[in-house]
**Student:** 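Have a look at the structure that comes next, please.
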Amino acid sequence: MARKIFVSYKYSDSSVLHIPRYGENDPTTVRHYVDFIQGLIDSNDHINKGEDDGEDMSGFKDDTIASNLRDKIYDSSVTIVLISKNMKDNYMPETDQWIPWEIAYSLREKTRWDRKSRTNAMLAVVIPDENGSYEYFVEPSGCTNCNNTRWKQDTLFKILGGNMFNRIQPKTIGCPNGICGVIHTGDDHSYIYPVTWDNFRVNVNYYIEHAIRINQNIDNYKLIKAA
């Protein structure tokens, strides 16, 4: 079955690992990763981009952009959020930035005329920074006993981080060394499920389907729907 996928991302963020296919001298931006994903997904699927045709929409009037994005999100069933190092402007209120708005609209049930659009399945893909590192957001805990991973939710937009590790009845274990605190287990700990680019790109359809399976059990999660 064909899926329509909306991708939310920071168009101008170039603090990402270079993709050689786009030229050695040209800077790679998150937008190039969107193109890369389009080539990886099932041929029947279609991507709706947050900023269309490679064009930075920042110069358009807000109401024009909002109307355009509403149509795209309404017409999609899956939203992929690309996490990049400089996706968030810490000097601007989150309510004035597009990614939180796109996430909030993706999480709503939307009614138009006689058709109701359900809450989108959600996936967060972490893009490596210009040095190929993920440590701006994800890093090893340093605990030799657990060998688990720490996801830095507090560095993200509130609506994004708040919808991770948000099962109403979480599956957890305690760290025997007392270093890691509570550790979430299983592969359904988050409504917006986080995955690194290296893992995502080798099994794209699996992770998209995984997000859909989580969406089918949406009542297991406490969702934050306001940006």
Side-chain angles (χ1 to χ4, degrees), residues 5-19 27-34 36-37 40 50-51 78-94 97-104 106-107 120-143 146-167 170 172 175 179-204 206-208 210-211 214 221 223-224 227:
I5 302 166
F6 179 82
V7 183
S8 178
Y9 60 99
K10 181 66 175 289
Y11 173 91
S12 59
D13 190 358
S14 60
S15 297
V16 296
L17 185 66
H18 180 65
I19 301 177
T28 298
T29 67
V30 181
R31 177 64 174 75
H32 293 112
Y33 279 83
V34 180
F36 201 96
I37 293 171
L40 293 174
E51 298 182 66
V78 179
T79 294
I80 297 176
V81 183
L82 299 187
I83 296 175
S84 56
K85 188 166 72 172
N86 291 319
M87 70 183 293
K88 180 180 176 181
D89 186 340
N90 291 316
Y91 297 99
M92 180 185 293
E94 293 191 13
Q97 299 182 57
W98 282 108
I99 292 175
W101 184 92
E102 291 166 353
I103 294 171
S106 295
L107 289 168
N120 277 17
M122 303 283 293
L123 187 68
V125 179
V126 189
I127 305 299
D129 69 14
E130 62 271 37
N131 299 311
S133 173
Y134 296 104
E135 290 191 6
Y136 68 91
F137 176 58
V138 56
E139 64 182 4
S141 67
C143 177
C146 298
N147 194 33
N148 68 307
T149 299
R150 175 176 175 253
W151 302 85
K152 304 175 185 177
Q153 295 163 262
D154 57 342
T155 66
L156 301 176
F157 294 110
K158 292 177 182 177
I159 192 171
L160 180 53
N163 283 298
M164 294 179 182
F165 303 98
N166 61 329
R167 272 186 63 98
T172 62
C175 172
I179 296 175
C180 305
V182 174
I183 301 168
H184 290 260
T185 61
D187 62 356
D188 59 349
H189 46 66
S190 303
Y191 187 75
I192 303 183
Y193 189 82
V195 58
T196 63
W197 171 254
D198 284 334
N199 288 329
F200 175 73
R201 68 186 179 89
V202 298
N203 214 342
V204 170
Y206 166 80
Y207 284 106
I208 292 174
H210 183 60
I214 289 175
Y221 299 87
L223 298 185
I224 297 172

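Quick note: numbers below take in every heavy atom, side chains included, and nothing from hydrogens, waters or symmetry partners.
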**Student:** Do side-chain atoms of Asp89 reach the backbone of Tyr91 as a donor and acceptor pair under 3.5 angstrom?
**Tutor:** yes

**Student:** Keeping Tyr191 on the side-chain end and Phe165 on the backbone end, is there a donor-acceptor pair under 3.5 Å?
**Tutor:** no

**Student:** Can you name the salt bridge (Lys or Arg N to Asp or Glu O under 4.0 Å) partners of Glu130, sequence neighbours left out?
**Tutor:** Lys85

**Student:** What's the spacing between Trp197 CH2 and Ile127 CD1 if we round to 0.5 Å?
**Tutor:** 5.5 Å

**Student:** Assess whether a salt bridge exists between Glu94 and Lys88, defined as any Lys/Arg side-chain N lying under 4.0 Å from an Asp/Glu carboxylate O.
**Tutor:** yes

**Student:** Tell me, with the steps shown, if Ile80 and Ile5 meet side chain to side chain contact (heavy atoms under 4.5 Å, CB included).
**Tutor:** CA-CA 7 Å; Ile80 297 176; Ile5 302 166; 3.7 Å; yes

**Student:** If I take atom OG1 from residue Thr28 and atom CD1 from residue Ile19, how far apart are they, to the nearest 0.5 angstrom?
**Tutor:** 5.5 Å

**Student:** Taking only residues two or more places apart in sequence, or in another chain, which ones meet Asp13 in a salt bridge (Lys or Arg N to Asp or Glu O under 4.0 Å)?
**Tutor:** none

**Student:** Just verifying a value: how many Å separate His32 NE2 and Tyr9 OH, rounded to the nearest 0.5 Å?
**Tutor:** 10.5 Å

**Student:** Would Trp101 and Phe157 count as a ring-ring contact (aromatic ring centres under 6.0 Å, His included) here? Give the steps.
**Tutor:** CA-CA 10 Å; Trp101 184 92; Phe157 294 110; over 10 Å; no

**Student:** Partners of Asp198 by salt bridge (Lys or Arg N to Asp or Glu O under 4.0 Å), sequence neighbours excluded?
**Tutor:** Arg201

**Student:** Enter the distance from Ser84:OG to Arg31:CZ here, rounded to the nearest 0.5 Å.
**Tutor:** 14.0 Å

**Student:** With Asn199, which residues qualify under side-chain hydrogen bond (donor to acceptor under 3.5 Å, both in side chains), at least two apart?
**Tutor:** Thr196

**Student:** I want to check something: taking the side chain as every heavy atom from C-beta on, are Met164 and Trp151 in contact at a cut-off of under 4.5 Å?
**Tutor:** no

**Student:** Taking atom CZ of Phe137 and atom OG1 of Thr149, what is their separation to the nearest 0.5 Å?
**Tutor:** 11.0 Å

**Student:** Under 3.5 Å, side chain of His210 to main-chain N/O of Asp187, donor-acceptor pair present?
**Tutor:** yes

**Student:** Val7 and side-chain contact (heavy atoms from CB on, under 4.5 Å): which single residue from Val78, Leu82, Leu123 fits?
**Tutor:** Leu82

**Student:** Can you name the ring-ring contact (aromatic ring centres under 6.0 Å, His included) partners of Tyr207, sequence neighbours left out?
**Tutor:** none

**Student:** What distance do Asn86 atom CG and Lys10 atom NZ have between them, rounded to the nearest 0.5 Å?
**Tutor:** 7.5 Å

**Student:** Answer whether the closest heavy-atom distance between the side chains of Leu107 and Asn163 falls below 4.5 Å.
**Tutor:** yes

**Student:** Using the side-chain hydrogen bond (donor to acceptor under 3.5 Å, both in side chains) criterion, which residues pair with Asp129? Sequence neighbours excluded.
**Tutor:** none

